[in-house]
Enquirer: 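One structure, pasted below without further comment.
Heads up: numbering here begins at 1 and tracks the sequence. Basis for what follows: all heavy atoms, side chains included, without hydrogens, waters or symmetry-related copies. Whatever order the structure lists ligands and atoms in, that order sets their numbers, starting from 1.
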Amino acid sequence: MTDKQRAKEKQAGITRRDFLKYASASAGVTAATFALSKSVSGTLPATNPSVKEQFLHGHPHGVSAESQVQGGITPKDFLVNYYRPPRDPVTGARVFDLTAAPQSITIANGVQFPAWAFTAPSGGPTVPGPTLRVDEGDNVLIKFHNADKHPHTIHLHGIHPADADGVFEVLNAGEDYEYRFKAEPFGLFPYHCHVTPVKKHIEKGLYGAFIVDPVDPPVGALGVRPAADREFVMVMNGFDVDFDGENEFYTVNGIANYYLDNPIEIGVGQLIRIYLVNMTEFDPVNSFHLHGNMFRLYRTGTRFDPDPSVTSVPPTDSRWLYADRFAEVTDTVFLGQGERAILEFVPRHRGRFLFHAHQSEFLELGWTGRFNVV
Ligand code: CU
Ligand code: CU
């Protein structure tokens, strides 16, 4: 922290560190309550002695908001909500419609954030924006409409022509643009606005995940990516609710502590695949840690190589984890801004297992969730 920032915080009367102190002292009062009290009165809320019971496994537990917008999709929906339009019968292209617009969204119980958000026919506006999904080799057409008064673009990662890169063709209020490209290579990518100051346009909410599924085994590979029993998209992000250039909340898929209060139910022996994208602004890295299990890690999702000599190993045997020479096997991954990875694991034990950032600060500020293995 710079002296200038310190002075600013002193002037504001409260620091993010004060919040952490407070949060660990009385965890049941969530970050939401804190942020509200901070913005309304600038004083700390009263301590509730019963909140101790709300601790789970030593982690703060609160009641998170159900959805970001009235009638909008919940983070539970977001896990499996793909925007995958059918191929156009004439052109064969997958045609997407995306709109950027200002939208007040809920990021924790009772906490609103004045976002810039993407909307699609699949849902929204949400932060993160809709998960776009295509097959490798698909012709993609993204029709983008800027319904905000600020200029925006859609910048995609991956391989594509310069005029589909979403940097120099800046759309002013009310303007439209069409991005055309062939989806390659297969993998997991972020998309986001690329108008300067980029950090502002990202932290306000203009980003999402883009999945390109492999169709044929790539050269040298031994098979296609096996079908998973469950697939989940998880976009890690932060929210700067007081506009001081630091995040006060960290979430996966938009609402603090949501999956702690609304656990994700999975089954013993199921192949679980997570598409994990880090779109956190301001902090150089974010992380994902899974309790009681280890996962195979495919950075950027551009590699896989099931080895037929070991596919006979049942996934309930830990040798399964090593049946892939391109995968790393771990329970924790750190990702820089814009980095992403595909995680695969097969739960072997029933019960409650947390997943959360392995930076305790992020965990306490909302980035924590739970799998219920049944
Ligand atoms: Cu923008
Ligand atoms: Cu980027």
Side-chain angles (χ1 to χ4, degrees), residues 96-105 113-120 124-134 140 142-179 181 183-212 233-240 243 245 247 252-254 275-287 299-302 333-342:
F96 292 82
D97 277 293
L98 286 176
T99 300
Q103 174 70 44
S104 177
I105 57 161
F113 177 74
W116 299 337
F118 285 118
T119 309
T126 53
V127 177
T131 300
L132 317 181
R133 191 160 193 175
V134 302
V140 179
I142 299 176
K143 296 178 172 177
F144 177 41
H145 175 66
N146 182 9
D148 189 20
K149 62 178 192 285
H150 300 92
H152 299 301
T153 66
I154 300 176
H155 163 66
L156 288 115
H157 289 217
I159 302 171
H160 45 241
D163 64 359
D165 197 48
V167 173
F168 302 108
E169 303 79 9
V170 173
L171 277 73
N172 291 311
E175 289 184 339
D176 295 277
Y177 190 79
E178 295 188 345
Y179 303 91
F181 60 97
E184 58 181 345
F186 70 84
L188 173 61
F189 308 92
Y191 69 89
H192 57 86
C193 178
H194 210 295
V195 169
T196 45
V198 179
K199 70 176 177 188
K200 172 91 178 163
H201 286 249
I202 291 179
E203 71 91 6
K204 287 286 271 182
L206 291 173
Y207 51 81
F210 176 47
I211 299 171
V212 181
V233 173
M234 293 192 185
V235 180
M236 304 188 289
N237 62 2
F239 292 100
D240 174 14
F243 318 113
N247 294 310
V252 262
N253 297 346
Y275 295 88
L276 179 70
V277 180
N278 178 21
M279 288 309 298
T280 312
E281 204 34 82
F282 304 130
D283 299 277
V285 294
N286 203 330
S287 59
R299 289 182 183 273
T300 313
T302 48
V333 57
F334 275 74
L335 299 174
Q337 293 178 340
E339 277 195 307
R340 60 280 178 194
I342 293 177

Enquirer: Quick one: sort the F118 and Y191 rings into parallel, tilted or perpendicular, breaks at 30° and 60°.
Expert: tilted
Enquirer: Which single N/O/S atom of H157 lies at minimum distance from the Cu ion (ligand 2)?
Expert: NE2
Enquirer: Specify whether an N/O/S atom of H155 falls short of 2.8 Å from the Cu ion (ligand 2).
Expert: no
Enquirer: Taking N237 for the side chain and T280 for the main chain, is one N or O donor matched with an acceptor at less than 3.5 Å?
Expert: no
Enquirer: Treating N286 as the side-chain partner and M279 as the backbone partner, does any N or O pair qualify as donor plus acceptor under 3.5 Å?
Expert: no
Enquirer: Under 3.5 Å, is there a donor-acceptor pair between the side chain of K143 and the main chain of T99?
Expert: no
Enquirer: Check whether T196 reaches the backbone of V198 with its side chain - one donor and one acceptor, N or O, closer than 3.5 Å.
Expert: no
Enquirer: For the Cu ion (ligand 1), how many protein N, O or S atoms lie at less than 2.8 Å?
Expert: 3
Enquirer: Measure the acute angle between the ring planes of H155 and H160, then classify it against the limits of 30° and 60° as parallel, tilted or perpendicular.
Expert: perpendicular
Enquirer: Donor-acceptor pair, distance only, cut-off 3.5 Å: does the side chain of D240 make one with the backbone of G245?
Expert: yes
